[in-house]
Amino acid sequence: MKRFDYVRAEAPKQAATAAGPKDASFIGGGTNLLDLMKFEIETPTKLVDITRLELEQIETTADGGLRIGTLVTNSDLAAHPEVIANYPVLSRAILAGATGQLRNKATTGGNFLQRTRCYYFYQTDSSCNKREPGSGCPAINGENRTLAVLGTSDACIAQHPSDMAVAMRLLDAVIETVKADGSTRCIPIKDFYCLPKDTPHIENVLESGELITHVVLPPPIKGMHTYDKVRDRASYAFALVSCASVIEVDDDGNLATVRLAFGGIGVMPWRNEDVEALLTGTAGDDAMIAQAADLLLKEAKGHGQNDFKIPLTRRLLKQVIQRALAGEGA
């Protein structure tokens, strides 16, 4: 680990100003950042400690939603009564990730900023466009079993690792930030992440020194909340394919509300509203599910070892829809 300066911030604006230089990083729980620093994948010259900021609250908003401080730990968020009662898909997604020890330290804001677990990204003796722009992507023709099949480019096929962010994408979360100049902004999660294209090292729209302060959830969505995660082992494993869903079935047995977001298959938490619109109002029969899967995976591209993710996603989508129609919980 290389030497760095250390600053402890007492207010969000101070933190953002202190981290203004491009090579500075915020540290909260540190569950991903410290590993990246140890491997010298990230080498910030300054760490801005935000753990003393008063951003550990979960509050109800005027319209019945929730406003979550960036320092709320994953454990506290998953166990919060309002989350369990009104946003159970979020609680389930969080509990499907990492271990209890890590969830006790990992923060809400930091979870959005997790870096990929691509093998080559972590191997500093290999090329990687995400780590060293322009150096190449050996994963395309190499070890890619866990990597993305949607949103990829010729420069990068790395998958997004977060479970929590998949549920947040489903729920239309809005990310509140403060910039280095003290100004603030609200970023809908659908606009937060960037496709790799030819700049895979740019993963989100945050500016240098911009700090996530809160995450706001709209009012609860009526329906059955589920989070399904297919992985290599029962715990402490990243998703091969996951699906966060909120589905409501009307009295006639039709799909009245359909929301679906996927993890493991995309370069970001993946949601396709056209798929949801196609399914809404239908009986969700096999033919309609197959049509929805075709639309969801229209642009999917495997690279050999990860080809299996495409049919696996089809099967998971079918399971999620049929279970909701049968009135079965997760």
Side-chain angles (χ1 to χ4, degrees), residues 55 57-70 72-97 103 106-114 160-177 185-193 204-205 212-229 239 241-249 255-266 268-277 279-280 296 316-317 320-321 324 329-330:
L55 297 173
Q57 293 77 36
I58 300 176
E59 305 165 316
T60 302
T61 61
D63 64 355
L66 281 186
R67 189 167 186 250
I68 304 159
T70 194
V72 173
T73 67
N74 287 181
S75 291
D76 287 347
L77 183 57
H80 195 275
E82 288 286 339
V83 175
I84 293 172
N86 297 318
Y87 306 92
V89 63
L90 177 57
S91 181
R92 292 173 182 176
I94 293 170
L95 293 175
R103 292 195 297 267
T107 62
T108 299
N111 202 303
F112 284 105
L113 305 178
Q114 281 190 76
H160 191 276
S162 172
D163 291 291
M164 184 203 78
V166 176
M168 291 289 194
R169 177 67 182 91
L170 178 83
L171 297 169
D172 288 328
V174 175
I175 297 166
E176 296 182 347
T177 70
R185 65 169 169 162
C186 298
I187 309 168
I189 190 171
K190 67 182 180 65
D191 300 324
F192 183 73
Y193 293 106
N204 56 64
V205 299
I212 295 174
T213 58
H214 297 87
V215 180
V216 179
L217 297 180
I221 309 163
K222 185 179 180 181
M224 179 185 295
H225 289 228
T226 63
Y227 188 75
D228 294 85
K229 183 175 180 178
V241 181
S242 67
C243 180
S245 66
V246 177
I247 300 175
E248 183 182 14
V249 180
L255 299 169
T257 299
V258 179
R259 287 205 185 190
L260 303 162
F262 294 85
I265 60 174
M268 62 179 71
W270 202 263
R271 184 176 171 197
N272 186 327
E273 283 93 340
D274 290 339
V275 172
E276 300 170 0
L279 288 166
T280 301
L296 172 67
L316 182 58
L317 174 61
V320 168
I321 298 298

Original post:
How about Glu276 and Arg271: do any of their side-chain heavy atoms sit closer than 4.5 Å?
Top reply: yes

**OP:** List the steps and the verdict of side-chain contact (heavy atoms from CB on, under 4.5 Å) for Ile212 and Phe192.
**Re:** CA-CA 11 Å; Ile212 295 174; Phe192 183 73; 4.1 Å; yes

**OP:** May I ask you to decide whether Glu273 forms a salt bridge with Arg169, counting only side-chain N to carboxylate O separations under 4.0 Å?
**Re:** yes

Original post:
Is it true that a side-chain atom of Thr257 and a backbone atom of Glu248 form a donor plus acceptor pair closer than 3.5 Å?
Top reply: no

**OP:** I would like to know whether Val215 and Met164 meet side-chain contact (heavy atoms from CB on, under 4.5 Å); could you show each step before the answer?
**Re:** CA-CA 12 Å; Val215 180; Met164 184 203 78; over 6 Å; no

Original post:
CG/Asp191 to SG/Cys186 distance, rounded to the nearest 0.5 angstrom?
Top reply: 12.0 Å

Subject >> Within-4.5 Å side-chain heavy-atom neighbours: Val89 and Thr226 >> reply: no

Original post:
So do Arg103 and Leu77 actually touch side chain to side chain, heavy atoms under 4.5 Å?
Top reply: no

Subject >> From CD1 (Ile94) to OG (Ser162), nearest 0.5 Å >> reply: 8.5 Å

**OP:** Measure the CD1-CD1 distance between Ile189 and Ile175 for me, rounded to the nearest 0.5 Å.
**Re:** 5.0 Å

Subject >> Intermediate values then yes/no, side-chain contact (heavy atoms from CB on, under 4.5 Å), Ile68 and Val83 >> reply: CA-CA 10 Å; Ile68 304 159; Val83 175; 5.6 Å; no

Original post:
Rounded to the nearest 0.5 Å, how far apart are NE2 of His225 and CG of Leu90?
Top reply: 10.0 Å

Original post:
Can you name the ring pair (Phe, Tyr, Trp, His ring centres under 6.0 Å) partners of His160, sequence neighbours left out?
Top reply: Tyr193

**OP:** Check whether any side-chain heavy atom of Arg259 lies under 4.5 Å from a side-chain heavy atom of Asp172, and answer yes or no.
**Re:** yes

**OP:** Test Thr70 against Phe112 for side-chain contact (heavy atoms from CB on, under 4.5 Å), laying out the working first.
**Re:** CA-CA 10 Å; Thr70 194; Phe112 284 105; over 6 Å; no

Original post:
When rounded to the nearest 0.5 angstrom, what is the spacing between CD1 in Ile221 and CD1 in Ile247?
Top reply: 11.5 Å

**OP:** Report yes if some heavy atom in the side chain of Leu317 is under 4.5 Å from a heavy atom in the side chain of Phe262; otherwise report no.
**Re:** yes

Subject >> Side chain proximity check, Leu217 to Met168, heavy atoms < 4.5 angstrom >> reply: yes

Original post:
Is there a donor-acceptor pair under 3.5 Å between the side chain of Thr213 and the backbone N or O of Glu176?
Top reply: yes

Original post:
For Cys243 and Val320, which heavy atoms make the closest approach, and how far apart are they?
Top reply: SG-CG2, 4.1 Å

**OP:** Report the distance from atom CG of Leu260 to atom CG of Leu279, rounding to the nearest 0.5 Å.
**Re:** 6.5 Å

